[in-house]
There are 2 protein chains.
Amino acid sequence: MQPALTLLSALAEPTRLAAVRLLWDGREHCVCELVRVLGVTQSRMSRHMAVLKQAGVVVDRRDAQWVRYRRNPELPAEQAAIIDAVLNSLNTSSDRRAA
Amino acid sequence: MQPALTLLSALAEPTRLAAVRLLWDGREHCVCELVRVLGVTQSRMSRHMAVLKQAGVVVDRRDAQWVRYRRNPELPAEQAAIIDAVLNSLNTSSDRRAA
DNA sequence: CACGCATATGCGCATGAGCGTAAATAGATC
DNA sequence: GATCTATTTACGCTCATGCGCATATGCGTG
């Protein structure tokens, strides 16, 4: 699949988009934190993160018991621009409530 | 659903994304033209355009036997920015072949 | 009104995606 | 090694979505 389509599919899901928004603070977040903040089950969160990882949006790192996810620093600029535009629309448009 | 998610879902489909790319030349295109150019069945094209229309990406206009679709001029700037970023990534990244 | 072209829609099917539950894996600590 | 926490994965279910085919609808022309 085209990278752009893979990226769009990965983002077109509420939990994943929310996770991306959290991870876009540039810091690392473990799955358990995302689970707590987003209020989803642990297994669901794990799978969603796997989708984002496969799409190249995030990278993970083992740290003791935890797996830390963060924004993929290797993300191509054109794809980063898409994500930035999406996140910007979340902060700007009428769906601000979801912040 | 949040506007951003609706938009992402609408774009995350090959035929629809290709249609958006065509319509983003600013001109009107009838369904029959999209069918010919994109090589999909008529009913499929009609349904895909309905999805794009519902997402607010495009608008349509009856013109005799034809229905002319074009970019929605009322599209909010934040959403237009998303589409621009996506189309830009298509022209820039390794999936240029799909042009 | 019959006919033809353009478009939309109803229907049934196949596939994919998200979900919860439960079990497996991994690492830390005792 | 037993146990606890964190994470992933296997399984089965349900629902959404894309598809083809056939049919309806809309519009122009004769």
Side-chain angles (χ1 to χ4, degrees), chain A residues 1-23 27-72 98, chain B residues 1-23 27-72 98:
Chain A
M1 187 153 61
Q2 296 185 22
L5 281 169
T6 302
L7 176 59
L8 289 169
S9 299
L11 297 178
E13 200 283 330
T15 301
R16 287 197 294 265
L17 185 54
V20 168
R21 167 136 71 168
L22 287 174
L23 291 194
R27 291 186 299 224
E28 287 186 326
H29 300 262
C30 66
V31 178
C32 56
E33 179 192 346
L34 299 174
V35 164
R36 282 192 298 270
V37 175
L38 300 179
V40 300
T41 68
Q42 195 276 321
S43 83
R44 274 300 93 207
M45 198 71 242
S46 175
R47 289 206 195 269
H48 281 310
M49 295 313 292
V51 172
L52 288 174
K53 179 182 172 186
Q54 172 124 8
V57 176
V58 303
V59 293
D60 63 348
R61 174 177 75 91
R62 243 302 163 189
D63 177 18
Q65 302 105 319
W66 302 277
V67 173
R68 316 276 189 184
Y69 281 95
R70 68 183 188 282
R71 170 181 171 154
N72 178 11
Chain B
M1 187 154 61
Q2 296 184 21
L5 281 169
T6 302
L7 176 60
L8 288 169
S9 299
L11 296 179
E13 201 282 330
T15 301
R16 287 197 294 264
L17 184 55
V20 168
R21 166 137 69 169
L22 286 174
L23 291 194
R27 291 185 300 223
E28 286 185 326
H29 300 264
C30 66
V31 177
C32 58
E33 179 192 346
L34 299 174
V35 164
R36 282 191 299 269
V37 175
L38 300 179
V40 299
T41 67
Q42 190 274 319
S43 79
R44 275 299 93 205
M45 198 71 244
S46 175
R47 290 199 198 272
H48 280 310
M49 295 313 292
V51 172
L52 288 174
K53 179 182 172 183
Q54 170 125 9
V57 176
V58 303
V59 294
D60 63 348
R61 175 178 73 91
R62 243 303 162 189
D63 177 17
Q65 303 106 318
W66 302 277
V67 173
R68 316 277 190 183
Y69 282 94
R70 68 183 189 280
R71 169 182 174 156
N72 177 12

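Letters go in sequence order (proteins before strands), and every chain restarts at 1. Values below: all heavy atoms of this structure, side chains included; hydrogens, waters and symmetry mates excluded.
Residues B:V35 and B:M45 approach most closely at CG2-CB, 3.6 Å, considering heavy atoms. Shortest non-hydrogen contact noted between B:L8 and A:L17 is CD1-CD2, 4.3 Å. When all heavy atoms of B:L38 and B:A18 are compared, the closest pair comes out as CD2-CB, 3.7 Å. Of all the heavy atoms in B:N72 and B:G56, the pair that sits closest is ND2-O, 2.9 Å. For the pair B:L52 and B:A19, the tightest heavy-atom approach, listed with the atom from each and the gap, is CD1-CB, 4.3 Å. Of all the heavy atoms in B:R27 and B:H29, the pair that sits closest is O-CD2, 3.3 Å.
In this structure, CE of A:M45 is placed 18 Å from P of C:dT21, rounded to the nearest angstrom.
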Considering only nitrogen or oxygen atoms on both sides, find all protein atoms under 3.5 Å from nucleotides 22-29 of chain C and state each distance.
none

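Checking the phosphate oxygens (OP1, OP2) of C:dA17, no side-chain nitrogen or oxygen of A:H48 falls inside 4.0 Å. Side-chain N/O atoms of A:R44 include none lying less than 4.0 angstrom from OP1 or OP2 on C:dG18.
Nucleotides of DNA chain D that come within less than 4.0 Å of any heavy atom of chain B span, from the 5' end to the 3' end, D:dG18 to D:dG28.
Near-neighbour residues of DNA chain D inside residues 7-20 of chain B, defined by a heavy atom below 4.0 Å, number-ordered: B:E13, B:R16. Contacts with DNA chain D (heavy atom under 4.0 Å) in residues 33-40 of chain B: none are found.
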Run the side-chain donor-acceptor check on residues 58-68 of chain A: report pairs under 3.5 Å with partners two or more places apart or on a different chain.
{"unit_1": "A:D60", "atom_1": "OD1", "unit_2": "A:K53", "atom_2": "NZ", "d": "3.3"}
{"unit_1": "A:D60", "atom_1": "OD2", "unit_2": "A:K53", "atom_2": "NZ", "d": "3.1"}
{"unit_1": "A:R61", "atom_1": "NE", "unit_2": "A:E28", "atom_2": "OE2", "d": "2.8"}
{"unit_1": "A:R61", "atom_1": "NH2", "unit_2": "A:E28", "atom_2": "OE1", "d": "2.7"}
{"unit_1": "A:R61", "atom_1": "NH2", "unit_2": "A:E28", "atom_2": "OE2", "d": "3.4"}
{"unit_1": "A:R62", "atom_1": "NH1", "unit_2": "A:A64", "atom_2": "O", "d": "3.1"}
{"unit_1": "A:R62", "atom_1": "NH1", "unit_2": "A:Q65", "atom_2": "O", "d": "2.9"}
{"unit_1": "A:D63", "atom_1": "OD2", "unit_2": "A:R68", "atom_2": "NE", "d": "3.0"}
{"unit_1": "A:D63", "atom_1": "OD2", "unit_2": "A:R68", "atom_2": "NH2", "d": "3.0"}

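Judged as a side-chain hydrogen bond (donor to acceptor under 3.5 Å, both in side chains), not a single pair has a partner in residues 5-15 of chain A (not counting sequence neighbours).
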